[in-house]
Amino acid sequence: MILTRLAPGSLPDDTQLLAQALLGCVLVRDSDDGLTAGRIVETEAYLSNDPACHAYRGRSERNATLFGPPHRSYVYQIYGRSFCFNVSSEADGEGAGVLVRALEPLEGLDVMRRRRGVQATRDLCRGPGRLCQALAIDRSLDGVDLFADRSLWLAASIGRRARVRRSRRIGISVAAHRRLRFYEAGNPYLSGPVRLSPA
DNA sequence: AGGATGATCGTCT
DNA sequence: GACGATCATCCTC
């Protein structure tokens with residue numbers, strides 16, 4: 001499979017546009033274990049001035065990447081066990097980002113199976129914590145430039161152009177009504193229900 | 001220094 | 001559908 005790096009400047013800074021543009025792009029992880037990669041099929045936008053966004057209460061050591069330049073990797077740990085991967089958005093100084101919630105596994109499936117401890121392809125990258133485990137993404141990859149890094153980077157979209165649908169976001173209690181989750185219609189590797197609130 | 005919280009996951013019913 | 005694990009992070013004292 002041919003994976004072509006996304007050219008710098010080829011993604012929008014705007015958080016909602018970025019969340020949609022990322023659908024269909026490929027997230028690539030190169031490590032000692034080999035290459036693992038998946039097609040992004042589900043994202044969520046976390047805006048500046050959004051009570052659900054980690055940046056909402058100001059800059060801290062954890063969320064500093066959100067306030068930096070766009071298109072860097074923001075990785076944080078949740079519930080003591082899982083990591084979540086985001087792409088920073090908006091201009092330098094503004095805190096916002098896009099959570100990647102699910103990938104369609106493309107490359108290195110056996111490595112993913114070993115890391116995840118499960119066999120079913122559908123369970124490898126379906127969910128923000130699962131995809132980080134499958135791609136061995138942790139806090140050491142926080143802040144890397146996704147156009148330039150050699151361990152974690154984005155490749156141009158492959159296959160069909162994603163038919164984008166939207167719904168409310170999953171797993172949050174504040175600002176939960178906002179329809180800021182984006183996903184590819186009909187894709188079998190989505191993390192959550194296809195129909196949440198009026199779509 | 002201590003307590004509350006969480007952009008989840010796996011297991012059980 | 002519901003529940004509890006588990007700990008980094010943040011906030012308050």
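Numbers restart at 1 for each chain; the letters A, B, ... are given by sequence-line order, proteins then strands. These figures come from a predicted structure and were not determined experimentally.
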Trace of the salt bridge (Lys or Arg N to Asp or Glu O under 4.0 Å) decision for A/R165 with A/E184: CA-CA 6 Å; A/R165 303 184 46 140; A/E184 181 181 31; over 6 Å; no
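Note: A/Y74 and A/Y76 meet the aromatic proximity criterion, with ring centroids under 6.0 Å apart.
If you check C/dG1 for Watson-Crick or wobble pairing at under 3.5 angstrom, you find it paired to B/dC12. The partner of B/dA7 cannot be assigned: no Watson-Crick or G-U wobble pair with both contacts below 3.5 Å exists in any strand.
Pairs passing the salt bridge (charged side-chain N to carboxylate O under 4.0 Å, His left out) check and including a residue from residues 48-57 of chain A, sequence neighbours excluded, read A/D50-A/R169.
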Contact letters for nucleotides 4-13 of chain B, in which S counts primed atoms plus P, OP1 and OP2 and B counts the base, heavy atoms under 4.0 Å: --BBBSS---
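Heavy-atom contacts from other residues, nucleotides or ligands closer than 6.0 Å to OH of A/Y56 number 12 or fewer. Heavy-atom contacts from other residues, nucleotides or ligands closer than 6.0 Å to CZ of A/R163 number 12 or fewer.
When the P atom of C/dC7 is taken as reference, atom CD of A/E61 falls 20 Å away, rounded to whole Å.
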